[in-house]
There are 2 protein chains.
Amino acid sequence: MTRYSKQTRILVAVDCIIFGFDGHDIKLLLVKRGLEPESGKWSLMGGFVQPRENLRQAANRILQKLTGLQGVYMEQLRTFSDPDRDPVERTISIAYFALIDIHKYEKQLSEDYHAEWVLLKDRPRLIFDHNEMVELAQKQLRYKAALHPILFELLPSKFTIPQLQSLYEAIYDNTFDNRNFSRKVLSTGLLIKQKEKDKLNSKKGAFYYRLDKRKYKANFQSFLNFIPNPDKFLI
Amino acid sequence: MTRYSKQTRILVAVDCIIFGFDGHDIKLLLVKRGLEPESGKWSLMGGFVQPRENLRQAANRILQKLTGLQGVYMEQLRTFSDPDRDPVERTISIAYFALIDIHKYEKQLSEDYHAEWVLLKDRPRLIFDHNEMVELAQKQLRYKAALHPILFELLPSKFTIPQLQSLYEAIYDNTFDNRNFSRKVLSTGLLIKQKEKDKLNSKKGAFYYRLDKRKYKANFQSFLNFIPNPDKFLI
DNA sequence: GCAAAAGTGTTATCACTACACCCATGG
DNA sequence: CCATGGGTGTAGTGATAACACTTTTGC
């Protein structure tokens, strides 16, 4: 029984802005588009929403198809709807942004999609309005990371404080005072010190930490103020 | 030339969560649904996206149809996509929330839609997933208002500090210390004191203020921290 | 023994909170 | 003259920011 019969139905897609961190730089996972138009150009990984799935399911399906990963941090960003955004046919697209530990599958990058990690800073031009999507996602990431402990999603389960700081510095394209940074981070009580050290990045070695998952979930909504003068970075 | 031909097209709607403030309480503008199913039940104002309009245009069109107002503060909230959210036919809906000065059109409420302002606190049960939309909008409003000077959108162009405080108290269902509140608000430099007083709410009268529009726009993205202990309110 | 990164402490400043009284006016 | 809401000031506390030196160890 189909009512609403006078209305126009529209194609609905999901596009994923996938961020990773390699220890120095923020990266973006892109694919080479396999269908016309714009075949061969760089694009976000995306796909059409299927009849019986909701958007989160669609986004997870797309991410898994590309990376093989499940349980990835993902949030809905915004819906893009310019009638001409896709020249073939009107398509609205819901952008999701995802944070993944780049090491979890650096190797298993699906050949099928010609996927590649590129530096966020000097990424190539993308098709359609995907550039705008990436810019918005970056803004949102900075915004959210200033207030919530979201960036742990980009690190492996064991990480050092200097690594964490590098990540924040990459996100905000800035340097922070290491004494203040580690004091602030440790004062949240979210981190559990391990006995081993990471000796790859220095001779002295830096202690590993792990997230206290319980506290992480409990405090996720709290305002934590990880970075000094957040105003400066969120314009 | 239509490619993508194998894909399913889906109905796309916009629903507006419209907030107002009457001096004491936060209100929500609802309509009585005029079509089956659920005809006669309370609902958010919404409508289908038309072929040549984007979502913002659709939301503005819907809001204007209902209230006659243009240039209203509005932001995209989230897209709701459960395949069964509308029992008639699959429809995804993009929720927008809007803030309006309730006095601007209290009277011109369109009879056509049986629109009514209801208290947000004891609103009736709404159709479909509109209850969820309202809850998310309220959360988002609290979140955003804790950091950004967004609530001025709910007030007339001239307002008093006690009025502003009542608004914040209504939003957070709490009371705040009036000395700290006015100091904090005035310290932003966003308000321009007027010479007249509002004598309706007290014998002494309270000075009117206006927003400094220039600074308002410039500072909109700043973290202003209008309320004490924001953590408390945002869980 | 030296280069390179890790780790740690103190002080000054600022922002926030809690708190109580006087003011102006209409009735 | 009194009841009502408007308006203001201070002191204590806690958070933040600025700043430099010592430690460890691989080479």
Side-chain angles (χ1 to χ4, degrees), chain A residues 23-24 146-147 149 155 158-170 172 174-209 219 222-234, chain B residues 23-24 146-147 149 155 158-170 172 174-209 219 222-234:
Chain A
H24 288 284
L147 300 168
L155 292 173
K158 289 191 310 185
F159 53 87
T160 68
I161 305 282
Q163 276 168 21
L164 184 63
Q165 182 168 350
S166 299
L167 171 54
Y168 274 87
E169 293 179 339
Y172 294 101
N174 237 286
T175 57
F176 302 119
D177 182 278
N178 62 339
R179 294 158 288 189
N180 293 336
F181 184 83
S182 71
R183 184 155 7 95
K184 196 175 269 196
V185 164
L186 291 174
S187 76
T188 63
L190 292 177
L191 300 191
I192 303 168
K193 194 172 189 170
Q194 306 300 115
K195 286 178 182 160
E196 324 101 82
K197 283 183 164 188
D198 162 55
K199 311 273 277 185
L200 295 172
N201 297 304
S202 73
K203 291 159 185 168
K204 181 175 179 183
F207 280 105
Y208 279 119
Y209 288 80
N219 287 12
S222 311
F223 284 167
L224 291 176
N225 254 56
F226 273 118
I227 59 164
N229 303 317
D231 272 11
K232 249 173 62 182
F233 305 107
L234 300 168
Chain B
H24 288 284
L147 299 169
L155 291 172
K158 290 191 310 185
F159 54 85
T160 67
I161 305 281
Q163 276 167 21
L164 184 64
Q165 183 169 349
S166 299
L167 171 55
Y168 274 86
E169 293 180 339
Y172 294 101
N174 239 284
T175 57
F176 301 120
D177 182 278
N178 63 339
R179 294 159 288 192
N180 293 336
F181 184 83
S182 71
R183 183 153 12 94
K184 196 175 268 195
V185 163
L186 291 173
S187 77
T188 63
L190 291 177
L191 299 191
I192 304 167
K193 194 174 190 168
Q194 306 299 116
K195 286 177 182 162
E196 325 102 83
K197 283 183 164 189
D198 162 54
K199 311 272 279 187
L200 295 172
N201 297 305
S202 73
K203 293 160 185 170
K204 182 176 178 181
F207 281 104
Y208 279 119
Y209 287 80
N219 286 11
S222 313
F223 284 167
L224 292 175
N225 254 55
F226 273 118
I227 59 163
N229 302 317
D231 273 11
K232 251 173 63 182
F233 305 107
L234 300 169

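Order of the sequence lines fixes the chain letters, A, B, ..., with proteins taken first and strands second; residue numbering starts at 1 for each chain.
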Taking 4.0 Å as the cut-off, does a side-chain nitrogen or oxygen of B/K203 come that near to OP1 or OP2 on D/dC2? no

In this structure, how many angstroms lie between the C1' atom of D/dT4 and the CG atom of B/D198, rounded? 14 Å

So what does B/N201 hit on the nucleic acid, given a heavy-atom distance under 4.0 Å: a base, only sugar-phosphate, or nothing? sugar-phosphate

Could you give the CZ-to-P distance, from A/F181 to C/dT8, as a whole number of Å? 15 Å

d(CZ, B/R183; P, C/dT17) in whole Å: 10 Å

For the side chain of A/R179, starting at C-beta, report the closest nucleotide among D/dG5, C/dA20, C/dG9. C/dG9

If you check every side-chain atom of B/S182, which of D/dT8, C/dA5, D/dG9 has the closest atom? D/dT8

Could you tell me if the side chain of A/L190 sits less than 4.5 Å from the side chain of A/P149, heavy atoms only? yes

Options D/dG6, C/dT8, D/dG26, nucleotide nearest the side-chain atoms of A/K199: D/dG26

Quickly work out the B/D177 CG to C/dC21 P distance and round it to whole Å. 14 Å

Short side-chain N/O contact from A/K184 to OP1 or OP2 of D/dA17, under 4.0 Å: yes

Go nucleotide by nucleotide along DNA chain D from the 5' end; which of B/L186 and A/S187 gets its closest nucleotide reached first? B/L186

Length of the CZ-P vector between B/F176 and C/dT17, whole Å: 10 Å

Would you kindly give the CG-to-P distance between A/L200 and D/dG26, to the nearest whole Å? 12 Å

Would you say the side chain of A/L155 lies within less than 4.5 Å of the side chain of A/Y209, judging by non-hydrogen atoms? no

To the nearest angstrom, how far is A/N180 atom CG from C/dT13 atom P? 16 Å

Apply side chain to side chain contact (heavy atoms under 4.5 Å, CB included) to residues A/I161 and A/L186 and explain how you reach the verdict. CA-CA 9 Å; A/I161 305 282; A/L186 291 174; 4.0 Å; yes

Nearest heavy atom decides the nucleotide; on that basis, is B/P162 or A/S202 closer to the 5' end of DNA chain D? B/P162

Roughly how many Å is it from NZ in A/K204 to P in C/dG1, rounded to a whole number? 20 Å

Is the A/Y168-A/F181 ring centre distance short of 6.0 angstrom? yes

Contact between A/L164 and A/V185 at the side-chain level, heavy atoms closer than 4.5 Å - yes or no? yes

